[in-house]
Amino acid sequence: MNSERSAIQKNETYQIYPNPVSLENPRLSFSNFLISDNRVKVHNLSGQDIDFEFIDVNTIQLNNISKGVYIIKIINSNHTYSIKFVVID
C-alpha cells in the first residue's frame, strides 16, 4: 500500500469530492477521469468492501455507510491509486 499512497501523492490527476462526505448525501464525485474507464473499489479501514452504485460517469452513491474513514481505490491497467475520505454526520 505504500507504493499506492506515494503514487497518488505524486499524481494529482485523480481527485474526489466532496471530502468529507455527508451521511445525508453519501455521494462521491470524481474529476479528471471517467470511472467507466477504471475499476473502483471502496472499503473501510478494516478492509470490508462498501457497496456503491454508479449514478453517472463521474459519481457514485455509497450504500449502507456510517461515519468513519474509508479508502477508495482506482484501478486501471497501469496503476492502483488509493484516496482516503471521511464520512461525517
Side-chain angles (χ1 to χ4, degrees):
M1 184 133 135
N2 288 340
S3 63
E4 291 173 2
R5 282 191 181 147
S6 61
I8 197 65
Q9 289 171 353
K10 291 178 185 174
N11 184 343
E12 295 183 7
T13 301
Y14 298 114
Q15 297 176 5
I16 61 170
Y17 61 93
N19 191 5
V21 175
S22 164
L23 275 176
E24 286 183 22
N25 188 19
R27 291 185 176 185
L28 271 179
S29 295
F30 304 85
S31 63
N32 302 331
F33 74 101
L34 298 175
I35 53 178
S36 59
D37 294 340
N38 299 275
R39 201 169 106 216
V40 175
K41 294 182 84 174
V42 180
H43 60 85
N44 63 21
L45 293 181
S46 298
Q48 296 172 308
D49 289 338
I50 304 300
D51 291 330
F52 61 89
E53 299 172 41
F54 292 98
I55 302 299
D56 58 36
V57 296
N58 290 322
T59 306
I60 61 172
Q61 173 80 36
L62 301 163
N63 299 324
N64 301 319
I65 200 155
S66 57
K67 293 188 311 184
V69 178
Y70 296 84
I71 303 290
I72 187 161
K73 287 188 177 183
I74 303 157
I75 305 158
N76 64 32
S77 59
N78 299 320
H79 301 287
T80 298
Y81 299 97
S82 296
I83 304 171
K84 188 186 307 184
F85 70 96
V86 178
V87 176
I88 60 172
D89 280 336

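Computed from a prediction, not measured in an experiment: that's the story for all the values here.
Counting heavy atoms from C-beta outward, Gln48 and His43 have side chains that stay 4.5 Å or more apart.
In the model, Asp56 has a side-chain atom that pairs as donor or acceptor with a side-chain atom of Thr59 under 3.5 Å.
Atom CD of Gln15 is separated from atom CD1 of Ile83 by 8.0 Å, given to the nearest 0.5 angstrom. To the nearest 0.5 Å, atom NZ of residue Lys67 and atom CG of residue Asp89 are 4.0 Å apart. Within the model, atoms CD1 of Ile75 and OG1 of Thr80 stand 5.0 Å from one another, a figure rounded to the nearest 0.5 Å. Rounded to the nearest 0.5 Å, atoms CZ (Phe30) and CD1 (Ile74) are 6.0 Å apart. Note that the CD1 atom of Ile60 and the CZ atom of Arg27 stand 11.0 Å from one another [nearest 0.5 Å]. Rounding to the nearest 0.5 Å places CD1 of Ile72 at 12.0 Å from NZ of Lys41.
None of Leu28, Val21, Ile65, Leu62 except one satisfies the side-chain contact (heavy atoms from CB on, under 4.5 Å) rule with Tyr70; the exception is Ile65.
Relative ring orientation between His79 and Tyr81 is described as tilted, the plane-to-plane angle lying within the 30° to 60° band.
Distance alone, capped at 3.5 Å, is enough to place a donor-acceptor pair between the Asn19 side chain and the Val86 backbone.
Heavy atoms from other residues, nucleotides or ligands lying under 6.0 Å from CG of Asn25 number more than 12.
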